[in-house]
Amino acid sequence: MKTQVGIIGAGPAGLLVARILQLNGIDSVILERRTRAYVLERVRAGVLESGTVDTLRTYGMGERLNREGIPMRSMQLCWDRQKADISLDDGTGRHLTTYGQQKIVEDLILQREADGLPIVFEADVSRLDGIEDAPRIHYRHNGEDKVLECQFIAGCDGYHGVSRRHIPGSDEHVFLTEYPFAWLGILAEAAPLAARRGFAHSTRGLAVASARSASVGRLYLQVEPDADPNAMSDQQIWDELDIRMDDGTAAQLNRGPIIERSVARLRGYVCEKMRHGRLAIAGDAAHIVPPSGGKGLNLAVGDARIMAEAIRRLLTTNDTTLLDSYSEMCLRRIWPTVHWACSMCEALHIFPGQTSFQTRMQYQTLNHWGNTEIGQQRLRKAQLGLPYEI
Ligand code: APR
């Protein structure tokens, strides 16, 4: 099989690169290891920066988002039995939007299918070659070994994908921190309450309450790194969430059936070498942020915009200038965002062996973000996200 751009991975990064290329008249084939049903059902992030919303609208993916996205104009931090409700209004009209990544992925897949464009599910990519001049993607599909020949490879295959290791010397450009805890994430059929939302620091560990829709809540508890997602009963989870989210009032979370549970390790990871020859990587293939801050999806969208434009210039006018500065341009958004997500992570979790002095230091950080003008500005700026250069 032949195409102009071979895209590995049908996550938000790969699907968005494909969509932008399509609207610029460039053909692509997406190869995705998982089944269609798995990709459509996978529950992930759900907080969109306004830049992400604008990007999706620009590329014709705003219809359901405009209808179902829930504006989020403030953010709550809770610690030491107190709460701060920080306005995200920076005078520009920007705000965050609650809209599950799952829906973005579904919108993009359904649109691509309606346009009659190829996504090959259950296509497991094993290796790449010719990335200097004539790229080839080797994959297995329906029990057969196949090859996709293309002019450029977009490696959008997530943290465990194969693309990154085909960038020569990429290991030497990797920066990693692993946190000694994980998040137990639940989806619950329980209408989220505006008064019981946000991030909570508790001496028992972090808790987070957020909305996925008007009737479905997405909530998290800090747990041990290797915790069993089924170790706690529904009632134990709700009790623990209420204890950790205590803000000094008697308010409690709305409870309801838990319909999904998963445990995810927290890490910060950046591969600074994001391109070699006719291969570039985007999204989780290049970086992972701890979920505190809700930045992973937004970073993937930022990379996808630059990658698609760099590929367009290469394939239409043979101009490699943007491609040559792809890593640097992406990293100007990635590092400050990773820094913010890690700062949130370090202020909100209880670390093994943490002293009460260290807990008091965390309270000071939270008080700074929650109750001082300069701290609120910092939080607002970081949460709303950095501007795009492209
Ligand atoms: N062959 C084909 N497909 C692969 C391979 C492979 N060898 N390896 C991985 N994939 C696929 C995965 O199955 C997955 O569907 O690549 C896709 C990568 O998608 P995501 O993990 O969603 O990554 P990305 O598109 O970068 O989106 C980043 O995902 O993890 C969240 O919070 C993160 O919201 C952020 C977003």
Side-chain angles (χ1 to χ4, degrees), residues 6-20 29-49 52 55-56 98-109 112 118-128 137-141 145-148 153-166 183 185 210 212 218 220 262 264-271 274 279-308 330 333-334 337-338 341 345 385:
I7 299 176
I8 313 174
L15 288 161
L16 184 58
V17 168
R19 176 73 183 159
I20 302 175
V29 171
I30 303 178
L31 302 174
E32 166 57 52
R33 180 170 55 177
R34 302 284 192 171
T35 64
R36 182 177 184 276
Y38 181 95
V39 173
L40 288 174
E41 279 157 28
R42 186 167 44 189
V43 178
R44 304 290 268 283
V47 177
L48 313 187
E49 294 173 358
T52 296
T55 302
L56 291 166
T98 297
Y99 189 71
Q101 175 173 323
Q102 202 180 354
K103 291 185 180 178
I104 296 177
V105 165
E106 185 178 45
D107 294 342
L108 285 160
I109 287 177
R112 189 165 173 87
I119 308 180
V120 188
F121 290 101
E122 298 173 73
D124 193 4
V125 174
S126 54
R127 69 186 176 88
L128 320 176
I137 305 177
H138 298 261
Y139 64 101
R140 200 161 173 82
H141 184 237
D145 290 327
K146 298 192 174 169
V147 177
L148 176 64
I153 300 175
C156 305
D157 46 358
Y159 184 61
H160 300 289
V162 297
S163 304
R164 188 176 58 240
R165 67 167 192 259
H166 286 86
W183 278 17
S210 63
R212 263 306 145 79
R218 179 79 169 142
Y220 303 92
S262 59
R265 290 285 309 252
L266 270 69
R267 53 171 74 89
Y269 175 94
V270 178
C271 172
M274 295 174 63
L279 164 67
I281 56 175
D284 278 14
H287 42 76
I288 298 279
V289 282
S292 40
K295 293 298 179 188
L297 168 63
N298 294 294
L299 277 182
V301 167
D303 294 350
R305 291 171 59 113
I306 303 170
M307 182 192 269
C330 290
R333 296 188 89 243
I334 293 165
T337 309
V338 171
C345 179

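Each ligand, and each atom within it, is numbered from 1 in the order the structure gives. One is the number of the first residue; the rest follow in order along the sequence.
- With respect to atom 28 (C) of ligand 1, the closest heavy atom belonging to the protein is D284 OD1, 3.4 Å.
- Heavy-atom contacts of R34 reach the following atoms of ligand 1: 13 (O) (cutoff under 4.0 Å).
- For A13, a nitrogen or oxygen atom sits less than 3.5 Å from a nitrogen or oxygen atom of ligand 1, counting backbone and side chain alike.
- Remark: ligand 1 atoms within the under-4.0 Å shell around heavy atoms of L31 are 2 (C), 3 (N).
- Remark: ligand 1 and V125 share an N or O pair separated by less than 3.5 Å (distance only, no angle test).
- Taking atom 9 (C) of ligand 1 as the reference point, the nearest protein heavy-atom neighbour is D157 O, 3.1 Å.
- Partner of I104 under the side chain to side chain contact (heavy atoms under 4.5 Å, CB included) criterion, chosen from L15, L48, L16: L48.
- Of the polar atoms of E32, at least one N or O is found under 3.5 Å from an N or O of ligand 1, judged by distance alone.
- Counting heavy atoms from C-beta outward, L128 and I153 have side chains that approach closer than 4.5 Å.
- Contact atoms of ligand 1 toward G161: 8 (N) (distance under 4.0 Å to a heavy atom of the residue).
- L148 and Y139 get closest at one heavy-atom pair: N-CE2, 3.8 Å.
- To the nearest 0.5 Å, atom CG of residue D124 and atom CZ of residue R140 are 9.5 Å apart.
- Salt bridge status for R112 with E32: absent, with no side-chain N to carboxylate O gap under 4.0 Å.
- Short contacts between ligand 1 and C156, defined as distances under 4.0 Å to a heavy atom of the residue, involve ligand atoms 16 (O), 17 (C), 18 (C).
- Of all the atoms in ligand 1, the ones that sit under 4.0 Å from a non-hydrogen atom of G11 are 19 (O), 22 (O), 25 (O).
- With atom 34 (O) of ligand 1 as the reference point, the heavy atom nearest to it among R127, R44, Q101 is part of Q101.
- For R42, the closest heavy-atom approach to ligand 1 falls below 4.0 Å.
- For A123, every heavy-atom contact with ligand 1 shorter than 4.0 Å involves the backbone, none the side chain.
- Rounding to the nearest 0.5 Å gives a distance of 11.0 Å between CD1 of I8 and CZ of R33.
- Side chain of R218 to main chain of S210: no donor-acceptor pair is present (N/O by atom type, distance under 3.5 Å, no hydrogens or angles).
- Here the straight-line distance linking atom CG of L31 with atom CG of D157 works out to 10.0 Å at 0.5 Å rounding.
- Counting the atoms of ligand 1 from 1 in the order shown, those under 4.0 Å from a heavy atom of G9 are 11 (C), 16 (O), 17 (C).
- Distances below 4.0 Å separate heavy atoms of G283 from the following atoms of ligand 1: 26 (O).
- Within the set H141, R33, H287, the minimum heavy-atom distance to atom 5 (C) of ligand 1 is found for R33.
- In this pair, Y269 and Y159 present their aromatic rings perpendicular. The plane angle is above 60°, beyond the 30 to 60° band.
- From I109, atom CD1 reaches atom CZ of F121 across 4.0 Å, with rounding to the nearest 0.5 Å.
- Going from atom CD1 of I137 over to atom OG of S163 covers 7.5 Å, rounded to the nearest 0.5 Å.
- Distances between N or O atoms of L297 and those of ligand 1 include at least one value under 3.5 Å.
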